[in-house]
Amino acid sequence: MNASPDAFGGAPSVPAPALLAAALPPHVREVIARLVARGFETVAVGGGVRDALLGRPVRGLWDLATAATPPQVIALFPTAIPTGVEHGTVTLPHAEGAIEVTSYRADIGASDARHPDRVEFGVSLPGDLARRDFTVNALAYDPGRELLVDTTGGCADLAARVLRAVGDPVARFREDALRPLRAARLAAVLEFDVEPATRDALGAVVDLVPRLSPERVRDEVGRMLLAPRPSVGFALLRDSGLLPLLLPELSACVGVGQNHHHAFDVYEHTVRAVDAAPPEPLLRWAALAHDLGKPATRVALANGEATFHGHPQVGGAIADRMLERLRLPRDERVAIVRLVREHLFDYRAEWTDAAVRRFIRRVGIEPLPALFALRRADATATRPEAPDLAALDAFVARIDAVLAPQPPLAVRDLAVDGGDVLRILDVSPGPAVGRALARLLEEALDDPATNQRVHQLTRLEDFARERRGGTAGGSP
């Protein structure tokens, strides 16, 4: 069954699979119906159609393509936001998820390697689909007639799980220098192969990559990091020559040998650790960054061995600069760098409970699950056939036991507060108050039983006498 010859500009269409109808949200269907009722052919396109056909959950906004011009869309939807009206795009906000509506268009030129120099409206749907990046993103769904339009072979590529550029891959990539990175991301996320001509063209934008905004690179890498195996995407970037331009810190790890404890060089170990880490954004970024300090700290020894003393601290500084360059929010950057700097903790069974409490105080309770997950991924990527997790498991159990009585770990956990210090030491607000509370906390870390109000008030009296007598040695 095909649409009428004049539908979709004569493009071939087939009955849409039922899962498309089930996946399209009612509010998106209503927008399409409203545009069609006014005589404007409108279809769902892009990643939403692709993911629905793959049986994947559709995340993010839905994309629509329409014969209506931006002014006509805005006239029908007064709440529309002209997010890219010069290129035919408006966004319709909705509580159930925003909808991006773009007029059928042809793109002419791309001097900035991102935006077309000129767009032409009034083209047919096939003309609009021809400008898209990959065949699997160039499928259109008409929910009114329950038809699927495929002008580029996207359905066959979906079935074969192949990523293929629409038309000439070099031309597609040079229209937007981010597209090779997007290809790497989609290959990893969708677990698709990249067909040879498209793979060979990935490196055709090496001269254009420096023009990419850090935010766009960050977003694509961030999405790739949540793939089942991000290493697939990193391998494509490495093989195409794009990795040194996009992530020079990771590229510097290629070929850096380690020692007999490690089965892989620093690069291979790193991407395997990313694969092994739970797919949580901060944790995957931390896995990517955890050994970035190794190339700078490597000291070669005899018999191919090497040491990397201080690499967590050096790596933390490198990670911070990388994440700042990519414009990650400061709070995320701080959390990731903390994980990098703390990932190589050396727990021993002979640690006292006080030492465990001081470790928890330094790292914080909240980051501990992520830190242990990072360490587990690190160990898995070190010796995949037999990761050494016994010490980590023992440390986790030890921490659980130490935390069970809810010991004081911060000044706020003390039985006294700053007001008590001001009153008993007879001092003004200032550093002396913090020093007194810090002394009490150190005592409580050594022995949580000292965290009693009567005891700590007595200790404050001791501190006051020290101040009056000028006693040396850490007096508040």
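Remember, it's a predicted structure, so these values are computed and weren't measured experimentally. Just the heavy atoms: all of them, side chains too, but no hydrogens, waters or symmetry mates, feed the values below.
- For the pair Arg272 and Phe264, the cation-pi criterion (under 6.0 Å, within 45° of the ring axis) is fulfilled.
- A salt bridge does not link Glu332 with Arg284: every distance from a Lys NZ or Arg NE/NH1/NH2 to an Asp or Glu carboxylate oxygen is 4.0 Å or more.
- No donor-acceptor contact under 3.5 angstrom links the side chains of Thr135 and Thr152, judged on distance only.
- At least one side-chain heavy atom of Leu92 sits under 4.5 Å from a side-chain heavy atom of Val31.
- Using a cutoff of 4.0 Å between basic side-chain nitrogens and carboxylate oxygens, Arg376 and Asp393 are scored as salt-bridged.
- Within the 6.0 Å centre-distance limit, the rings of Phe395 and Phe359 are counted as a close aromatic pair.
- In this structure, the side chains of Leu409 and Arg357 come closer than 4.5 Å at one or more pairs of heavy atoms.
- Residues Arg172 and Glu175 are paired through a salt bridge, judged by an N-O separation under 4.0 Å between the basic side chain and the carboxylate.
- Counting heavy atoms from C-beta on, the side chains of Leu250 and Leu237 never come closer than 4.5 Å.
- Across every non-hydrogen atom of Ala204 and Val170, the tightest pair is CB-CG1, 4.0 Å.
- Ionic pairing of Arg132 and Asp128 is present here: one or more N-O contacts between side-chain nitrogen and carboxylate oxygen are shorter than 4.0 angstrom.
- You'll find the side chain of Arg131 stays beyond 4.5 Å of the side chain of Val123, heavy atoms only.
- With a 4.5 Å cut-off on side-chain heavy atoms, Thr102 and Val45 do not count as touching.
- In this structure, His269 has its ring center at least 6.0 angstrom away from the ring center of His261.
- With a 6.0 Å radius and a threshold of 12 heavy atoms from other residues, nucleotides or ligands, Arg383 has its CZ atom above the threshold.
- Side-chain atoms of Asp275 and Ser231 form a donor-acceptor pair, as typed in the model, at a separation below 3.5 Å.
- Side-chain contact between Val232 and Glu191: absent, with no pair of heavy atoms (C-beta onward) separated by less than 4.5 Å.
- Using a 4.0 Å cut-off between charged side-chain N and carboxylate O, Glu220 and Arg223 make a salt bridge.
- Between Arg325 and Glu249 the shortest side-chain heavy-atom distance falls below 4.5 Å.
- Taking a cutoff of 4.0 Å between a charged side-chain nitrogen and a carboxylate oxygen, Arg338 and Glu366 do not qualify as a salt bridge.
- A cation-pi arrangement is absent between Arg375 and Tyr347 under the rule of less than 6.0 angstrom and at most 45 degrees off the ring axis.
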